[in-house]
Participant: 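Have a look at this one.
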Protein chains: 2
Amino acid sequence: MDVKTVCLGMLTDGEATGYDLKKQFESSFGHFFAAGYGSIYPALSALAEQGLVSCEEIPQEGKPDRKVYAITTEGRQFLLDALQNTSPCHKVRSEFLAMMCFAHLMRPADVEAVLDNRLADIERFKGMFDEIEAGSMNDWPPGMKFVLGFGKTIAGTMERYINDNRYLLTEQSEEQSVAS
Amino acid sequence: MDVKTVCLGMLTDGEATGYDLKKQFESSFGHFFAAGYGSIYPALSALAEQGLVSCEEIPQEGKPDRKVYAITTEGRQFLLDALQNTSPCHKVRSEFLAMMCFAHLMRPADVEAVLDNRLADIERFKGMFDEIEAGSMNDWPPGMKFVLGFGKTIAGTMERYINDNRYLLTEQSEEQSVAS
DNA sequence: CCGTCATATATCGGGGCGATGTATACTATC
DNA sequence: GATAGTATACATCGCCCCGATATATGACGG
């Protein structure tokens with residue numbers, strides 16, 4: 001389940017350009033599987049080289065050729081094989097949590113700012129989820145609904161946890177400074 | 001807040017070898033910020049080159065020298081500066097969720113297996129959290145308690161969400177196969 | 001006696017991320 | 001009407017990181 005495989009999966013919904021896929025990563029996959037041009041374009045090139053996708057180059061005036069990719073029969077088989085790995089990982093890389101481990105070394109005002117920024121980020125995600133739900137969700141595969149609900153639930157929990165427990169990082173800092 | 005900075009932060013608790021830091025990554029930081037030898041050793045070398053840590057080489061018979069690292073005054077200042085970035089990121093990279101987006105292309109039995117494996121992983125994390133809590137938590141900085149609580153809360157929410165919503169991926173698949 | 005774990009180091013290749021660059025055309029804003 | 005921004009569309013480069021692997025030895029258990 002690397003970027004290549006996810007691109008392949010996205011192409012089961014129909015042909016697309018690298019630019020199209022980037023938009024899909026941003027709008028619906030971004031919150032749990034990000035990918036930029038630096039990952040997508042090389043991935044599509046490699047998939048084409050392996051014969052897992054076909055590439056139709058449509059010339060454009062003044063602009064670079066539009067490269068429309070479509071999944072091939074071999075690509076479909078490759079994807080089905082990849083989907084048989086029953087131990088996909090789920091990793092978190094949080095500079096936020098790492099930083100909070102060292103909150104006692106930070107200025108209280110900075111700790112507050114970090115927490116507020118995180119809450120703002122979560123709010124942005126919730127807005128994104130609502131936008132997705134406002135669209136046509138009926139023709140979605142069931143997995144998409146599961147994943148969207150997952151994101152919404154975790155976002156809500158994170159928000160609540162931060163609000164309910166930020167006193168651990170802030171009030172306690174003040175107590176320490178009072179005690180010293 | 002890259003691996004280098006986190007190592008620097010860990011060294012504020014006292015001197016340590018790369019091996020020691022790896023153990024700390026595994027036991028307490030692993031669930032939100034993983035790092036292997038391939039990240040830690042180069043990070044420590046770079047920190048030493050920059051003068052942010054000192055390195056005492058203790059010869060050992062038959063074994064490679066034990067390199068004990070300690071944070072320097074410049075290192076402490078560098079860390080404090082790094083901790084003033086009030087927009088640390090929090091990223092998820094989930095092959096699990098990516099895979100579930102394509103659940104409709106998977107064999108129902110494989111979907112079940114993936115969900116069960118994820119639940120088992122979460123259970124392992126919860127065991128880890130309990131082990132940490134069983135240790136001496138009193139001398140911990142408040143941030144550690146916040147981060148541990150965060151991990152426990154999210155793990156619980158994930159577990160509940162998967163159990164409550166797996167029917168979206170499984171029953172519905174059966175309905176589809178009945179309908180076809 | 002053998003396997004495996006713990007201690008302790010280090011490197012290598014592949015992968016991915018963010019930033020940047022190149023072009024053009026349309027659309028706001030002032 | 002000029003200027004700035006946004007959208008389309010491609011591509012690459014360097015840095016960082018992750019997993020796997022290699023090396024060496026002593027201890028402990030089956």
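In what follows, chains are A, B, ... by sequence order, proteins preceding strands, each numbered from 1.
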Participant: So does B:Y41 get a side-chain nitrogen or oxygen closer than 4.0 Å to the phosphate oxygens (OP1/OP2) of C:dT9?
Facilitator: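 The answer is yes; a side-chain N or O of B:Y41 sits under 4.0 Å from OP1 or OP2.
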
Participant: Using five pairs at each end of the helix from C:dC1-D:dG30 to C:dC30-D:dG1 to define an axis, what is the angle between those two axes, to 10°?
Facilitator: 40°

Participant: Please work out whether the ring planes of B:F125 and B:F129 are parallel, tilted or perpendicular, with thresholds of 30° and 60°.
Facilitator: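 Parallel, since the angle between the ring planes stays under 30°.
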
Participant: When rounded to the nearest 0.5 angstrom, what distance separates CE in A:M99 from OG1 in B:T86?
Facilitator: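 Answer rounded to 0.5 Å: 7.5 Å.
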
Participant: Should the pair A:R93 and B:F32 be classed as cation-pi, given the thresholds of under 6.0 Å to the six-membered ring centre and 45° from the axis?
Facilitator: no

Participant: Would you find more than 12 non-hydrogen atoms of other residues, nucleotides or ligands less than 6.0 Å from A:K22 atom NZ?
Facilitator: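 Counting other residues, nucleotides and ligands, NZ of A:K22 exceeds 12 neighbours.
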
Participant: Is there a residue in residues 18-30 of chain B whose heavy atoms reach under 4.0 Å of DNA chain C, and which residues are they?
Facilitator: B:G18, B:Y19, B:K23

Participant: Take a 6.0 Å sphere around CD of B:E56 and say whether it holds more than 12 heavy atoms from other residues, nucleotides or ligands.
Facilitator: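 Atom CD in B:E56 is not packed in, count stays at 12 or less.
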
Participant: Expressed in angstrom and rounded to an integer, what is the separation of A:I40 atom CD1 from D:dT12 atom P?
Facilitator: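 So the CD1-P distance, A:I40 to D:dT12, works out to 15 Å.
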
Participant: For nucleotides 17-19 of chain D, which of its nitrogen or oxygen atoms have a protein nitrogen or oxygen under 3.5 Å away, and what is each distance?
Facilitator:
from, atom 1, to, atom 2, distance (Å)
D:dC17, OP1, B:V3, N, 3.1
D:dC18, OP1, A:R93, NH1, 2.4
D:dC18, OP1, A:R93, NH2, 3.3
D:dC18, OP1, B:A34, O, 3.3
D:dC18, OP2, B:S39, OG, 2.7

Participant: Nearest-Å distance, CZ (A:R66) to C1' (C:dT22)?
Facilitator: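 Going from CZ in A:R66 over to C1' in C:dT22 covers 18 Å.
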
Participant: For the backbone of B:F146 and the side chain of A:Y161, can you confirm whether one donor and one acceptor N or O come within less than 3.5 Å of each other?
Facilitator: yes

Participant: Should the heavy atoms of other residues, nucleotides or ligands under 6.0 Å from CD of A:E131 be counted, would the total exceed 12?
Facilitator: no

Participant: Between B:Y37 and B:G18, is there a donor-acceptor pair closer than 3.5 Å when you use the side chain of the first and the backbone of the second?
Facilitator: no

Participant: Is any side-chain N of the basic residue among A:K91 and B:E95 closer than 4.0 Å to the acidic one's carboxylate O?
Facilitator: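 B:E95 and A:K91: not salt-bridged.
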
Participant: So which atom in A:F102 and which in B:M10 form the shortest heavy-atom distance, rounded to 0.1 Å?
Facilitator: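 That closest heavy-atom pairing would be CZ-N, 3.8 Å.
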
